[in-house]
Amino acid sequence: MLDLGLEKQTFKIQNRLKVVHLKRPGFLKTYAALIFPVGGLHRAYQDSSIHYFPAGAAHFLEHKCFERDGEEMTDVFSRQGASANAYTTYQSTSYVFEAIENLEANLLTLCDMAFNPQFTEAGIEKEKGIIVQEWSMYQDSPFYRQYQLMQEVLYQDHPYALDILGQKESIEAMDLNTLNAIHEAYYQPETATLVIAGDLDLSEIITALDKKLTFPKPTTKRPVAIEGAFIDVEKDLVIEDDVQDEYMVFGYRMPYQTDLFQRYHHYMALDIALDSVFGSSSHFYEKALDEGLISDNFFTEISFYDNVYDVTMASQTKAPEAFKKAIDALLLEPAKEVIDETLFHRLKKAGIGSFIFSLESLEGMVRSYTRYLHDGISEEDLLKIQNDLTFEDVLSAYQTFQNARSKVTVLLKPSKETLNKQKNKLS
Amino acid sequence: MLHVYTEQFKAASLTLRFFMPLERKTASVARVLFQMMGTKTLQYPSRKELNAALEEAYDASLNTSVSLLYDQIEMKIQIRFVDPSLLQDAAYETQLIKIFKDVLYHPYLDETLLNQEKSFILDDIKTKESQKSQIASSMLTDTLLEGHPYHIPSTEEAPLIKAVQLNEVKALFEKLKELPCLILAAGPLPLISLKRWLKVLDLTGHPQYQPHPLLKTPIAKKEPLNVIAKMHQVYRYHVYDSGVYRDDRDYPAFQVLQHILGGDSDSMLFKRIRETHSMAYSVQAIPSIKYGLLIIQGSIDPLKTELYDQEIASIIKELKETHVDKDTLFYAQQSIQESIKRNSDSLSVLSRRALMQYYFNEPFEIDAYLAQIRAVNAGDIKRLAENLKEVYAFKYGGFDA
């Protein structure tokens with residue numbers, strides 16, 4: 001393993017909130033992220049019984065934590081010389097800022113706005129309008145709709161079938177009591193993590209935070225594990241839209257490993273396997289480009305959250321049927337025939353390079369570090385797992401993908417109206 | 001040669017920029033040539049082999065692109081790689097130089113690859129034409145900048161790419177050997193190492209690119225245009241002639257004006273359009289200092305377009321008629337200064353600063369510019385706002401699918 005001189009320190013504030021300091025010498029600014037374990041996949045909290053809440057609640061909550069008494073908290077950060085933002089994924093919500101000065105004040109603001117928000121009926125009503133505008137913006141993208149349809153069919157009754165923002169109806173259904181209850185259940189310091197990256201000495205700031213921060217009282221409300229049934233499905237769908245070419249998306253849902261270590265081990269092995277078979281130095285990629293089946297925007301991607309485990313492949317195509325046949329035929333070939341050991345070693349080396357590139361910015365570093373934080377796994381752990389992988393692990397992971405339980409393809413093609421417009425343009 | 005040496009980062013890059021006068025046909029030939037150059041070489045005669053060599057070099061990446069720098073076509077080729085001193089691999093740097101030299105001097109230029117790469121560029125154009133935001137933005141610039149000497153209409157792109165011939169690509173490649181060039185090395189690449197790269201690459205035949213005075217052509221007022229499309233939202237643009245160009249003395253004050261109007265969540269647009277009236281999720285003011293313009297862009301609720309236009313008119317009127325208050329000005333100045341300081345933690349920003357220093361004589365060290373931002377007063381903001389003249393309004397979308 002390389003010695004990249006990366007240091008990590010951990011602290012605890014009031015014995016409740018875990019703080020991780022990623023030391024990165026030479027950087028002027030500090031980047032901080034406060035992460036809560038609630039995202040688009042979470043749909044319920046529990047006290048004496050289980051209470052379900054509308055889709056998109058975690059994202060709505062993220063928007064509302066940024067407002068207090070009609071004041072945007074981003075303005076407060078701005079006045080303290082910082083730039084703040086937030087984002088919600090399927091698994092978590094992160095509040096972030098970057099600043100050179102006033103670190104203590106900015107960290108206090110970050111924690112206070114997230115742990116002690118003040119929601120109002122009027123603020124929630126106003127936010128519905130803004131989030132519906134955000135939702136509408138995505139709906140205007142045919143590629144977004146294609147991807148969303150693939151996810152809906154592949155996951156059906158699972159929360160992953162829906163977008164992180166929820167639907168228009170679920171956004172409209174949000175209310176004060178629901179937001180307060182979700183906040184109480186999911187925004188407890190014991191389950192949150194504060195990650196701070198930069199070249200600084202944190203000890204004094206930690207002491208100050210320990211004295212000055214007010215956390216919510218412990219509660220009987222608790223998070224509920226992500227639920228949702230998986231129904232095996234095999235479907236080929238075609239949708240028409242105002243697009244100028246044909247675009248194919250393949251989705252493969254796979255069984256997930258229940259053991260945490262096995263799950264990450266499998267994920268890292270599959271990542272290498274997919275790069276070997278479909279990556280830019282693969283035989284398939286070169287051949288499919290030469291035969292015109294794919295364009296150079298072809299990509300594969302693994303979605304990996306809790307019990308969600310799937311592979312997406314997508315490309316613009318001139319020959320969707322032949323593209324599909326080529327993928328189907330390739331997936332029938334024995335793993336050993338399509339993955340060679342030289343490639344495996346080369347991709348492990350490339351993995352080290354891409355890890356080093358991820359250290360080029362504090363944002364990238366924190367994002368990599370926190371991506372799997374909900375499982376207590378860091379980017380460095382992933383690198384170690386990758387280092388220990390054997391060729392057999394990669395072959396075995398690829399075989400799981402070959403035997404994926406659910407397969408959905410969605411072809412996006414120009415509507416008749418668009419084709420007529422194209423013809424008129426030509427004539 | 002520009003050398004931004006810093007040990008702060010763990011990756012370095014070497015970029016060569018070649019320049020020739022802007023001409024539409026040549027720009028398309030350049031785009032095809034540079035797309036082909038990053039694909040196959042004499043030493044690596046397939047994509048597979050070239051990509052494998054890059055993976056073997058710890059995921060080094062090759063990037064080529066063609067863009068317009070005012071009256072010039074700027075053709076860029078870059079290699080980005082892990083700091084060689086981190087790896088206990090003596091052959092690593094030699095391998096990188098070998099790859100880059102081969103890409104630069106021995107690209108594979110044949111008819112099959114030409115047709116393939118042309119097809120990928122055309123695919124890319126079709127993908128852009130399939131996205132409403134891209135269509136709106138292309139229609140805006142094509143109608144706004146029609147006839148401008150620094151603009152190539154997007155409608156010409158596909159026919160020009162289709163028409164590119166192999167002999168034109170080969171001729172441009174030959175010409176490349178004597179074109180003005182600018183070398184930029186950035187990151188943990190010490191001079192001794194850089195000299196080794198340059199010795200092997202042998203770029204001595206290229207004169208260094210010399211910047212020259214640029215045209216400042218005001219955009220003439222145009223009739224508003226409304227294009228109806230099936231969409232959930234409307235892309236609305238209000239375009240103002242600001243009279244401020246990149247190398248103008250008023251540029252720092254213009255940056256403060258843009259920030260107060262629509263820079264971040266503290267801005268007038270964000271507060272009034274998004275937070276007070278919930279008309280839009282995204283609304284901002286974008287400076288276009290190449291053309292002396294300020295553009296207000298919002299993706300808005302179709303049912304609120306009239307109200308939106310009234311609100312924009314009211315915000316601009318307010319800026320023209322009243323002095324911004326002390327706090328607003330102070331926080332805008334602070335926000336810009338802090339953002340400039342924070343950006344120093346990015347190698348791409350440092351590289352850009354070195355380029356801007358070379359092209360436009362802007363200071364690489366930020367202190368002088370921060371002082372100029374601090375010196376802006378409310379009178380400057382009002383004066384620049386008074387100069388804003390709306391020259392165009394464009395709307396795309398609005399018919400709910």
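Throughout, a chain's letter reflects where its sequence line sits, starting with A, and its residues are numbered from 1.
Within the 4.5 angstrom heavy-atom criterion, atoms from both the backbone and the side chain of Ser295(A) approach chain B. Contacts between Leu412(A) and chain B at a heavy-atom distance below 4.5 Å are absent for every atom of the residue. Only the side chain of Phe143(A) comes within less than 4.5 Å of a heavy atom of chain B; its backbone N, CA, C and O stay farther away. Interface remark: Ala82(A) contributes backbone atoms only to the contact with chain B (heavy atom separation under 4.5 Å). Looking at His283(A), the atoms closer than 4.5 Å to chain B (heavy atoms on both sides) sit in the backbone and in the side chain alike. Ile131(A) does not touch chain B: none of its heavy atoms, backbone or side chain, sits under 4.5 Å away. Within the 4.5 angstrom heavy-atom criterion, no atom of Leu50(B) approaches chain A. Heavy atoms of Ser346(B) lying under 4.5 Å from chain A are absent altogether. For a residue to count as touching a neighbouring chain, one of its non-hydrogen atoms must lie under 4.5 Å from one of that chain's; by this rule Ala280(B) touches chain A with the backbone only. Of the two parts of Gln80(A), only the backbone, made up of N, CA, C and O, holds a non-hydrogen atom closer than 4.5 Å to a non-hydrogen atom of chain B. The parts of Glu98(A) that come within reach of chain B are both its backbone and its side chain, each placing non-hydrogen atoms under 4.5 angstrom from that chain. Heavy-atom distances place both the backbone and the side chain of Thr127(B) under 4.5 Å from chain A. Heavy-atom distances place both the backbone and the side chain of Asp242(A) under 4.5 Å from chain B. If you measure heavy-atom distances from Phe330(B) to chain A, you find no contacts under 4.5 Å at all. Glu360(A) touches chain B through backbone and side chain together, each having a heavy atom under 4.5 Å away. Neither the backbone nor the side chain of Lys128(A) comes within contact range of chain B, judged by heavy atoms closer than 4.5 Å. Looking at Gln334(B), the atoms closer than 4.5 Å to chain A (heavy atoms on both sides) all sit in the side chain, from C-beta outward. For Ser282(A), the part lying near chain B is the backbone, with the side chain staying farther off; criterion is any non-hydrogen pair under 4.5 Å. In this structure, no portion of Ser141(A) lies under 4.5 Å from any heavy atom of chain B. Neither the backbone nor the side chain of Asn115(B) comes within contact range of chain A, judged by heavy atoms closer than 4.5 Å. In this structure, chain A has a heavy atom under 4.5 Å from the side chain of Gln35(B), while its backbone stays farther away.
Among the candidates His277(B), Arg47(B), Glu338(B), Arg342(B), the residue making the largest number of heavy-atom pairs closer than 4.5 Å to chain A is Arg342(B). Ranked by heavy-atom pairs under 4.5 Å with chain A, the first of Thr6(B), Leu113(B), Asp59(B) is Asp59(B). Between chain A and the options Leu54(B), Thr276(B), Asp266(B), the largest number of non-hydrogen pairs under 4.5 Å is found for Asp266(B). When the candidates Leu289(A), Val132(A), Thr74(A), Leu347(A) are compared by the number of heavy-atom contacts under 4.5 Å with chain B, Leu289(A) comes out ahead. The candidate from Asp327(B), Thr112(B), Val82(B) with the greatest count of non-hydrogen atom pairs under 4.5 Å with chain A is Val82(B). Annotation: maximal heavy-atom pairing with chain B below 4.5 Å, among Gln139(A), Lys318(A), Glu286(A), occurs at Glu286(A). In terms of heavy-atom pairs under 4.5 angstrom with chain B, the leader among Leu362(A), Thr418(A), Asp290(A) is Asp290(A). Contact count against chain A (heavy-atom pairs under 4.5 Å) is highest for Gln116(B) among Glu49(B), Gln116(B), Gln131(B), Lys128(B). Among Gly26(A), Ala84(A), Ser280(A), Gly129(A), the residue making the largest number of heavy-atom pairs under 4.5 Å with chain B is Ser280(A).
For the 3.5 Å distance criterion, the side chains of Ser281(A) and Arg346(A) qualify, holding a donor opposite an acceptor. Tyr5(B) and Glu7(B) share a donor-acceptor pair across their side chains, judged by distance under 3.5 Å alone. A donor atom on one side chain and an acceptor atom on the other are not found under 3.5 Å apart for Ser78(A) and Asp75(A). Between the side chains of Tyr247(A) and Asn297(A), no donor-acceptor pair of N or O atoms lies under 3.5 Å. Side-chain polar atoms of Gln297(B) and Arg236(B) form no donor-acceptor pair below 3.5 angstrom. Using a 3.5 Å distance cut-off with no hydrogens or angles, the side chains of Arg79(A) and Ser335(B) do not pair a donor with an acceptor. Donor-acceptor pairing under 3.5 Å is lacking for the side chains of Asp241(A) and Ser415(A). Using modelled atom types, one finds no donor on one side chain facing an acceptor on the other under 3.5 Å when comparing Gln133(A) with His232(B).
For the pair Glu72(A) and Lys271(B), the salt-bridge criterion is not met [side-chain N within less than 4.0 Å of a carboxylate O]. The existence of a salt bridge linking Glu311(B) and Arg272(B) is confirmed by a sub-4.0 Å separation between a basic side-chain nitrogen and an acidic carboxylate oxygen. Salt bridge status for Glu172(A) with Lys168(A): absent, with no side-chain N to carboxylate O gap under 4.0 Å.
The side-chain heavy atoms of Glu129(B) and Gln134(B), taken from C-beta on, include no pair separated by under 4.5 Å. Side-chain contact between Glu363(A) and Lys29(A): present, with at least one pair of heavy atoms (C-beta onward) separated by less than 4.5 Å.
Of the possible donor and acceptor atoms, none in the side chain of Ser138(B) sits under 3.5 Å from a partner among the backbone N and O of Ile135(B). Put simply, the side chain of Asp345(B) gets close to the backbone of Leu28(A): a donor and an acceptor are under 3.5 Å apart.
Taking a 6.0 Å sphere around OH of Tyr44(B), one finds it holds more than 12 heavy atoms contributed by other residues, nucleotides or ligands. Residue-environment remark: CD (Glu156(B)) exceeds the threshold of 12 foreign heavy atoms within 6.0 Å.
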